[in-house]
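Single-structure report; data block below.
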Amino acid sequence: MHTFSQELDAVPPYSFELTVHNPAGWFWHNPLEVYEAGRIWTALHLSPGKAIGLRLESLGILEKPKILATIFSRRKLTNRDENEVIEMVREGAGLRDNILEFYEAVKTDPILKHTIHDLYGMRRGAMLRTDIFNSATLAITLQNAPINRTDQMLQLLITNCGQKMTFDGKTTYTWPSPKSIMNADAEELTKKCKLGYRTKYLQFIAVAVQRQTCPKIKELLEMPFEKAKAELTKLKGIGEYSSEIILPHGQAFPIDIWSAQIFHKLFFPHRPLPSKQEAVQIVRKQAAERWGRWRRLAFVYVLSDLDNLSQKLKVNL
DNA sequence: GCGTCCAGGTCTACC
DNA sequence: GGTAGACCTGGACGC
């Protein structure tokens with residue numbers, strides 16, 4: 001194994017653990033990543049088809065953050081590949097974000113004033129990616145399914161179609177590449193990964209990503225939010241909710257029936273819960289008016305702090 | 001055990 | 001342009 005290491009700075013305050021370790025009870029880059037005491041191990045594909053292992057380690061403290069990134073690869077990487085990975089880490093771990101701007105904007109908000117205290121230094125972590133396929137895979141498996149079903153589909157997809165990587169004494173997997181899903185037999189994929197009707201959507205998106213007929217993450221970010229959303233909803237299986245899972249914009253607010261009920265209780269604690277679909281529309285509108293361009297961060301902060309919010313605001317979440 | 005319902009959306013046929 | 005109904009799968013529930 002070849003290794004390449006680089007120390008990275010982050011804009012303080014920066015909490016490595018809150019950002020990458022089970023954010024909102026979920027994963028950072030991939031459901032099969034490994035986290036142990038200030039270190040995380042994961043794996044990803046570099047285009048085209050090169051798999052690498054990645055270890056991130058926190059060397060600093062909240063007000064003087066420093067992250068050591070180490071890349072593990074079977075063949076020596078080019079400088080360009082190394083730079084691409086480091087750039088993905090900077091983006092995915094939110095190292096450049098100035099979180100103090102967000103804190104200043106929401107410091108008097110009756111809900112967020114608690115969460116920014118409880119989760120001081122947390123960033124909105126994002127998957128390591130240059131194309132939409134990882135996040136589209138997540139979005140498709142979240143649709144019309146309770147969380148344990150989603151988890152089952154993701155685990156099966158990754159262990160059957162991702163690439164297994166053993167390095168630095170740890171074993172983990174990459175997300176499945178678009179090529180591996182595009183070339184898989186549809187019937188076999190459905191059966192092995194228990195995807196049901198979702199197989200056809202996943203394969204449709206895999207083809208679009210592989211043939212580059214849909215925008216990359218960087219291109220989406222350069223578009224206005226509504227235009228970027230319209231581009232994504234052209235894809236079969238991607239509606240409003242799924243597009244907001246994928247979009248990198250700060251205005252994205254991927255609200256579903258479950259989270260809509262939580263946010264409705266927080267926004268309107270004395271109102272009865274409306275129908276599920278109504279709650280989604282009401283919450284979406286309220287979040288846009290109240291949190292504007294900060295609503296994606298607000299979303300992550302609230303869902304990462306439900307126990308504390310329940311106690312402080314005396315709401316049963 | 002067995003049948004029925006429905007979930008952390010989206011598409012399509014039909015009006 | 002709006003909206004029921006269908007869609008995989010598996011856990012919860014009633015009997």
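- Comparing the C1' positions of B:dC5 and C:dG5 gives a spacing of 15 Å, expressed to the nearest Å.
- If you measure from atom CD of A:Gln155 to atom C1' of C:dT9, you get 17 Å, rounded to the nearest angstrom.
- Separating the CG atom of A:Leu202 from the P atom of B:dC11 is a distance of 14 Å, rounded to the nearest angstrom.
- Here A:Thr190 does not reach the OP1 or OP2 of C:dC8: none of its side-chain N or O atoms lies under 4.0 Å away.
- Each of C:dC8, B:dT12, B:dG8 was ranked by its minimum atom distance to the side chain of A:Leu142; first place goes to B:dG8.
- As rounded to the nearest Å, C:dA6 and B:dT4 have P atoms that lie 15 Å from one another.
- Nucleotide B:dG3 forms a pair with C:dC13, judged by Watson-Crick or G-U wobble geometry with both contacts under 3.5 Å.
- Both tests hold for A:Lys236 against A:Phe204: distance to the six-membered ring centre under 6.0 Å, angle to the ring axis within 45°.
- Side-chain N/O atoms of A:Gln152 include one lying less than 4.0 angstrom from OP1 or OP2 on C:dG10.
- Ring geometry for A:Tyr197 versus A:Tyr201: interplanar angle over 60°, hence perpendicular rather than tilted (30 to 60°).
- A:Ile257 places its CD1 atom 11 Å from the C1' atom of B:dC6, with the value rounded to the nearest Å.
- Remark: A:Glu84 does not engage A:Lys50 in a salt bridge, criterion side-chain N to carboxylate O under 4.0 Å.
- For C:dC7, its base never sits under 3.5 Å from the side chain of A:Arg198 at any donor and acceptor pair.
- Side-chain atoms of A:Lys200 lie closest to C:dC8 of the nucleotides B:dT10, B:dG8, C:dC8.
- Nearest-nucleotide positions on DNA chain B for A:Arg149 and A:Ser242 put A:Arg149 closer to the 5' end.
- For the pair A:Ile245 CD1 and B:dT10 C1', the interatomic distance rounds to 14 Å; values are reported in whole Å.
- For A:His45 and A:Ser177, the side-chain atoms include no donor-acceptor pair closer than 3.5 Å.
- Here A:Lys194 reaches the OP1 or OP2 of C:dG10: one of its side-chain N or O atoms lies under 4.0 Å away.
- Following rounding to the nearest Å, A:Tyr197 (OH) and C:dG5 (C1') show an atom-to-atom distance of 13 Å.
- With B:dA7, B:dT12, C:dC7 as the choices, the nucleotide that has an atom nearest any side-chain atom of A:Pro146 turns out to be B:dA7.
- Relative to the side chain of A:Asn144, the nucleotides B:dA7, C:dG10, B:dT10 differ in distance, and B:dA7 lies closest.
- Counting only heavy atoms from C-beta on, A:Lys236 has its side chain closest to B:dT12 among B:dG8, B:dT12, C:dC8.
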Let me have the donor-acceptor pairs involving side chains of residues 210-223 of chain A, under 3.5 Å, with sequence neighbours excluded, atom names and distances please.
residue, atom, partner, partner atom, Å
A:Thr213, OG1, A:Ala208, O, 3.3
A:Glu219, OE1, A:Lys216, N, 2.8

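- Contact annotation: A:Lys276 reaches the phosphate of B:dA7 (side-chain N/O to OP1 or OP2, under 4.0 Å).
- Taking atom P on both C:dG11 and B:dT10, the two are 24 Å apart, rounded to the nearest angstrom.
- With hydrogens and angles ignored, no donor-acceptor pair closer than 3.5 Å exists between the side chain of A:Tyr201 and the base of B:dG9.
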